[in-house]
Number of protein chains: 2
Amino acid sequence: MTQVDEAEVKPRLGRKRDHTRDPEILEVALDVLAETGYDGMTIDMVATRAKAGKATLYRRWPSKADLVLDAVACMKSKDIDLDALPDTGTLRGDLVAMVKPPSIRESERKLKVMAGIASMIARSPELAAAAQSALVEPRASVNRIFFRRAIERGEIPADADVERLCMIGPAMVAYSVLMLGKPVDREFLVSTIDKIILPAARLPTA
Amino acid sequence: MTQVDEAEVKPRLGRKRDHTRDPEILEVALDVLAETGYDGMTIDMVATRAKAGKATLYRRWPSKADLVLDAVACMKSKDIDLDALPDTGTLRGDLVAMVKPPSIRESERKLKVMAGIASMIARSPELAAAAQSALVEPRASVNRIFFRRAIERGEIPADADVERLCMIGPAMVAYSVLMLGKPVDREFLVSTIDKIILPAARLPTA
DNA sequence: CATATACGGAACTCGGCAGTTCCGGATATG
DNA sequence: CATATCCGGAACTGCCGAGTTCCGTATATG
């Protein structure tokens with residue numbers, strides 16, 4: 001949903017000279033994108049919902065494709081603060097600590113956006129790159145940190161295939177949501193950690 | 001869902017009345033779908049490539065959506081013959097035996113089709129159901145058989161979470177291809193089996 | 001051979017959306 | 001208050017693709 005500060009919804013007071021409203025518009029674009037997909041989304045929808053004029057959007061972005069590209073690229077790291085990662089002392093603790101409702105919701109939104117642009121990714125390297133660095137890389141980075149820590153601790157073998165292990169969580173979530181149409185819940189995520197990720201890391205399920 | 005026309009009472013003169021070219025057209029539709037996605041695909045493309053008239057397609061399917069739905073539904077089990085599954089005597093053997101170039105190619109085609117319709121799945125339960133039973137269920141069925149056999153053999157614990165285990169392979173492939181844009185090869189698949197699936201099943205890597 | 005029938009293909013309508021233009025009004029500044 | 005600036009919104013253009021119609025032709029059947 002449009003997560004805009006309710007405080008600013010009131011009649012627009014001062015007109016800003018710069019592009020202050022850009023983030024707001026991009027958020028709306030992502031919402032529409034998640035709901036209708038790229039082709040279903042129209043510039044009018046975005047403009048109307050953002051209470052902006054269509055011309056305003058075109059003053060800022062040369063085309064629909066550019067708007068979407070920008071929106072996807074700006075989705076980066078809204079949900080993850082790399083400096084405030086949990087450090088529980090165990091791999092399982094770290095992984096489970098990431099299973100929080102806000103994180104789950106943000107993940108689902110990302111997946112819906114991904115579904116909305118899926119058909120273009122194969123034909124647009126730019127969009128693919130944006131999606132890669134905004135949607136999949138941040139999550140992988142976090143996991144990489146956890147697994148490296150675990151290796152340093154001696155908790156898992158030093159020759160563990162970190163890249164492969166990093167994929168399991170996101171892959172299972174994406175598959176469940178996009179392919180099976182089944183939204184994930186805390187239980188699914190925790191048992192994925194316990195039944196698959198930790199065994200694959202050769203760690204006994206805690 | 002290619003339902004045959006009403007039984008004819010009238011004399012059959014002229015050309016064949018059966019829709020003998022349907023499968024051919026549906027195959028072309030799938031190709032175009034995989035290449036361009038649902039919205040990028042036009043009826044003209046399909047007609048031209050199938051050397052058919054656009055009118056012919058509309059004589060057979062009432063709309064583009066129906067054509068695509070039918071095409072996806074008919075994708076069922078082109079690649080897997082449930083009666084000719086390998087039975088190597090070990091779980092690893094069975095799983096690895098499925099890693100064959102034709103199977104990989106068919107998987108990638110299915111994933112491209114999936115990507116092409118991904119944005120509509122959330123809004124079309126019919127299409128979601130078709131994709132489910134034609135694209136994901138067949139593969140899961142095969143895996144289920146392998147894991148059940150392994151349990152019967154006593155190779156893996158009887159309380160193994162078969163449903164979860166079945167997902168790992170497809171999930172990793174889908175994630176790699178759709179999200180990372182990295183086509184999978186035999187090495188990736190085999191090491192996924194050895195490093196993730198078998199450990200998760202509490203089997204030592206063979 | 002005669003003919004009913006379906007087919008390929010071309011031409012057409014029609015609606016929707018990307019992108020453009022224009023204008024009245026609100027705003028900030030001096 | 002004067003004015004330069006930017007915005008929201010509405011009207012407009014042009015294109016493209018879904019769906020329709022029509023016709024010449026191929027073909028199986030009698």
Side-chain angles (χ1 to χ4, degrees), chain A residues 4 8-26 28-29 32-33 35-71 116-117 119-120 123-124 127, chain B residues 2 4-26 28-29 32-33 35-71 116-117 119-120 123-124 127:
Chain A
V4 180
E8 242 227 279
V9 169
K10 289 184 254 182
R12 299 200 47 69
L13 302 170
R15 283 273 146 73
K16 322 283 171 112
R17 309 200 90 107
D18 49 18
H19 293 133
T20 299
R21 294 200 60 203
D22 281 10
E24 199 180 327
I25 293 172
L26 292 175
V28 171
V32 177
L33 197 57
E35 286 170 29
T36 70
Y38 181 85
D39 294 278
M41 155 181 169
T42 70
I43 300 291
D44 276 306
M45 283 185 205
V46 179
T48 303
R49 232 197 261 196
K51 295 192 215 310
K54 194 158 52 149
T56 303
L57 298 205
Y58 279 103
R59 277 177 204 122
R60 178 66 188 77
W61 296 276
S63 74
K64 176 180 173 179
D66 289 285
L67 169 63
V68 169
L69 185 63
D70 203 5
I117 61 175
S119 68
M120 328 189 49
R123 269 159 294 125
S124 166
L127 188 57
Chain B
T2 315
V4 184
D5 263 1
E6 73 285 352
E8 0 214 303
V9 189
K10 307 206 321 187
R12 289 194 33 179
L13 289 174
R15 268 206 178 176
K16 295 190 244 179
R17 217 25 177 22
D18 53 358
H19 299 275
T20 188
R21 294 203 57 202
D22 281 7
E24 200 179 327
I25 293 172
L26 291 175
V28 171
V32 177
L33 197 56
E35 285 170 29
T36 70
Y38 181 86
D39 295 278
M41 155 181 170
T42 71
I43 299 292
D44 277 306
M45 285 185 204
V46 179
T48 303
R49 227 195 265 197
K51 294 190 213 318
K54 193 158 54 149
T56 302
L57 298 205
Y58 279 102
R59 277 178 204 118
R60 179 62 188 80
W61 295 277
S63 75
K64 176 181 174 179
D66 289 285
L67 169 63
V68 169
L69 185 65
D70 204 5
I117 60 174
S119 69
M120 328 190 48
R123 270 158 295 126
S124 167
L127 189 56

Ignoring backbone atoms, test whether Arg21(A) places a side-chain nitrogen or oxygen under 4.0 Å from the OP1 or OP2 oxygen of dC7(D).
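No, because none of the side-chain N or O atoms of Arg21(A) sits under 4.0 Å from OP1 or OP2 of dC7(D).
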
With [X] via side chain to side chain donor-acceptor pair (under 3.5 Å) - residues at least two apart:
X        : result
Thr42(A) : none
Asp44(B) : none
Asp70(A) : Trp61(A)
Arg49(B) : Glu35(B)

Between dG9(D) atom P and Lys51(A) atom NZ, what is the distance in whole Å?
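The distance from NZ of Lys51(A) to P of dG9(D) comes to 9 Å, rounded to the nearest Å.
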
How long is the line joining CG of Leu67(A) and C1' of dC17(C), in whole Å?
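So the two atoms are 15 Å apart, to the nearest Å.
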
List every contact pair, protein side and nucleotides 17-22 of chain D side both N or O, where the distance is under 3.5 Å.
| from | atom 1 | to | atom 2 | distance (Å) |
| --- | --- | --- | --- | --- |
| dA18(D) | OP1 | Met41(B) | O | 3.2 |
| dA18(D) | OP1 | Lys64(B) | NZ | 3.1 |
| dA18(D) | OP2 | Ile43(B) | N | 3.2 |
| dG19(D) | OP2 | Tyr58(B) | OH | 3.2 |
| dG19(D) | OP2 | Lys64(B) | N | 2.9 |
| dG19(D) | N7 | Lys54(B) | NZ | 3.1 |
| dG19(D) | O6 | Lys54(B) | NZ | 2.4 |

Residues two or more places apart in sequence or in another chain: which of them pass side-chain contact (heavy atoms from CB on, under 4.5 Å) with Ala55(A)?
Arg59(A)

